[in-house]
There are 2 protein chains.
Amino acid sequence: MPAQLMPPLDNRALWAATGSCPIEATMEIVGSRAAMLIMREASYGTTRFDDFAERAGMAPATASAHLAELVAAGLLSRESYQEPGARRRAEYRLTESGVAFVPVILALFQWGAKYRAVPDGLTVAHAACGADVRVETRCTRGHEVPLDELAIRLSR
Amino acid sequence: MPAQLMPPLDNRALWAATGSCPIEATMEIVGSRAAMLIMREASYGTTRFDDFAERAGMAPATASAHLAELVAAGLLSRESYQEPGARRRAEYRLTESGVAFVPVILALFQWGAKYRAVPDGLTVAHAACGADVRVETRCTRGHEVPLDELAIRLSR
DNA sequence: CAGGATCCCTAAGGATACTG
DNA sequence: CAGTATCCTTAGGGATCCTG
């Protein structure tokens with residue numbers, strides 16, 4: 001039905017020219033289910049160790065390992081802080097590159113909501129105006145780009 | 001630095017209300033590196049078995065297993081065809097839901113290109129006008145939504 | 001609360017070889 | 001070309017228990 005997306009090309013020639021594939025590089029960091037769920041939680045505002053483990057439904061050891069990896073990869077920051085009179089706590093927050101990762105989460109969310117999850121489920125909204133949010137593919141000239149009009153190329 | 005994204009909330013209450021998390025549901029299908037790379041290839045226009053295995057750099061058995069899974073999940077279609085005088089071939093193409101998955105690929109691409117891969121690497125362009133393409137978060141009223149103004153909610 | 005240590009176990013996936 | 005079959009290794013990740 002959808003004819004074809006982009007002319008067939010030999011990607012390996014392209015990857016060879018640049019040294020690495022951005023998608024593969026990304027998948028090396030968040031390619032596991034656990035890492036992606038941690039990023040989901042962080043995107044929802046979770047900051048505490050136990051909350052990550054509990055809400056993402058994983059063992060503390062798993063949460064620990066993946067939180068450390070994501071901190072090392074620069075997507076999360078770990079700061080320990082202490083409110084006066086309380087004990088020390090650690091908190092994990094999205095860094096700038098972590099925030100930049102949110103569109104990935106959103107794209108996964110959007111696809112799953114449409115093709116996998118129950119209808120009338122969750123939506124993501126623009127807090128300021130209340131309207132639903134979706135990810136769009138748009139070019140720098142402002143056109144919304146149909147998915148069959150994408151072309152990959154070397155930028156130089 | 002990026003303060004926080006969305007007010008902290010207990011997602012489990014939300015997931016319980018709807019039955020499943022769209023992101024988890026999506027990760028069950030394409031949560032493995034191999035499956036995602038197959039989707040990358042399909043998005044680039046690869047259609048033949050051997051090309052998938054070779055370009056995604058995986059053993060034929062692995063390619064076989066994941067192609068079958070993705071066909072079963074409805075993201076790819078498998079058709080065998082026969083050009084007159086030639087032998088039968090099988091070809092895998094994106095279905096409608098497979099095309100809808102492209103923004104995920106694009107978001108991963110965009111993040112990796114910015115934070116992981118070499119600069120001056122690959123870009124994705126709008127074939128019709130030549131300008132670079134990126135994924136944007138935009139609400140239905142047309143605002144481009146800063147990532148710290150997203151709010152998740154139950155749609156009913 | 002925020003983990004570290006240990007154990008175990010299964011599934012993902014590479015390598016190699018073979019077939020219609 | 002489009003796979004199947006077999007073997008084998010590793011990493012992901014659950015369960016449990018312990019600690020500052």
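Here is the naming used below: chain letters follow the sequence lines, and residue numbers restart at 1 for every chain. Because only heavy atoms are used, hydrogens play no part in the values below, and waters and symmetry mates are left out as well, while side chains stay in.
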Atom CZ of R78(A) and atom C1' of dC1(C): how far apart are they, to the nearest Å?
11 Å
B/S/- contact track for nucleotides 6-11 of chain D, protein heavy atom under 4.0 Å
------
Among dA2(D), dG3(C), dC1(C), which nucleotide has an atom closest to any side-chain atom of A90(A)?
dG3(C)
With side-chain hydrogen bond (donor to acceptor under 3.5 Å, both in side chains) as the rule and sequence neighbours excluded, what pairs involving residues 104-114 of chain B come up?
none
Give the rounded distance in Å between these two atoms: CZ of F52(A) and P of dA2(C).
10 Å
Under 3.5 Å, is there a donor-acceptor pair between the Y115(A) and E96(B) side chains?
yes
Tell me, do I38(B) and L76(B) make a side-chain contact under 4.5 Å, heavy atoms counted?
yes
Is the phosphate of dC1(C) approached by Y92(A) (side-chain N or O, under 4.0 Å from OP1 or OP2)?
no
For a quick test of reading the model: is some side-chain N or O of S64(B) closer than 4.0 Å to OP1 or OP2 of dT4(D)?
yes
Rounded to whole angstroms, how far apart are CZ on R33(B) and C1' on dG13(C)?
10 Å
Checking side-chain hydrogen bond (donor to acceptor under 3.5 Å, both in side chains) against T46(A), which of E54(A), R40(A), R55(A) comes through?
R55(A)
May I ask you to evaluate whether S32(B) reaches the phosphate of dA12(C), defined as a side-chain N or O under 4.0 Å from OP1 or OP2?
no
Considering only heavy atoms from C-beta outward, does the side chain of M39(B) approach that of V102(B) to under 4.5 Å?
no
Between dG3(C) atom C1' and M58(A) atom CE, what is the distance in whole Å?
15 Å
Nearest whole Å is fine: how far is dA12(C) P from I29(B) CD1?
14 Å
Whole Å only: how far is the CE atom of M27(B) from the C1' atom of dA12(C)?
14 Å
Might you work through the side chain to side chain contact (heavy atoms under 4.5 Å, CB included) test for V135(B) and L106(A), ending with a clear yes or no?
CA-CA 10 Å; V135(B) 294; L106(A) 214 54; over 6 Å; no
Contacts under 3.5 angstrom, residues 56-70 of chain A side chains, donor-acceptor by atom type, not counting sequence neighbours:
none

Would you indicate whether the side-chain heavy atoms of V30(A) and L75(A) approach each other to under 4.5 Å?
yes
Residues in salt bridge (Lys or Arg N to Asp or Glu O under 4.0 Å) contact with E28(B), at least two apart in sequence or another chain:
none
Is R89(A) salt-bridged to E91(A), going by a charged N under 4.0 Å from an acidic O?
no
Considering all heavy atoms, the nearest G74(A)-T95(A) contact
O-OG1, 2.5 Å
If you define the side chain from C-beta out and look only at heavy atoms, does anything of V99(B) sit under 4.5 Å from D148(A)?
no
Please list, in numerical order, the residues of residues 66-75 of chain A that have a heavy atom closer than 4.0 Å to any atom of DNA chain D.
H66(A)
Take atom CZ of R89(B) and atom P of dC1(D), then tell me their distance rounded to the nearest Å.
7 Å
Quick one: E54(A) CD to dG14(D) P, roughly how many Å, whole number?
14 Å
Of the nucleotides dG3(C), dC1(C), dG14(D), which has the atom closest to the A59(A) side chain?
dG14(D)
As a check of understanding: the bend across the helix from dC1(C)-dG20(D) to dG20(C)-dC1(D), end axes from five pairs, rounded to 10 degrees, works out to 50°
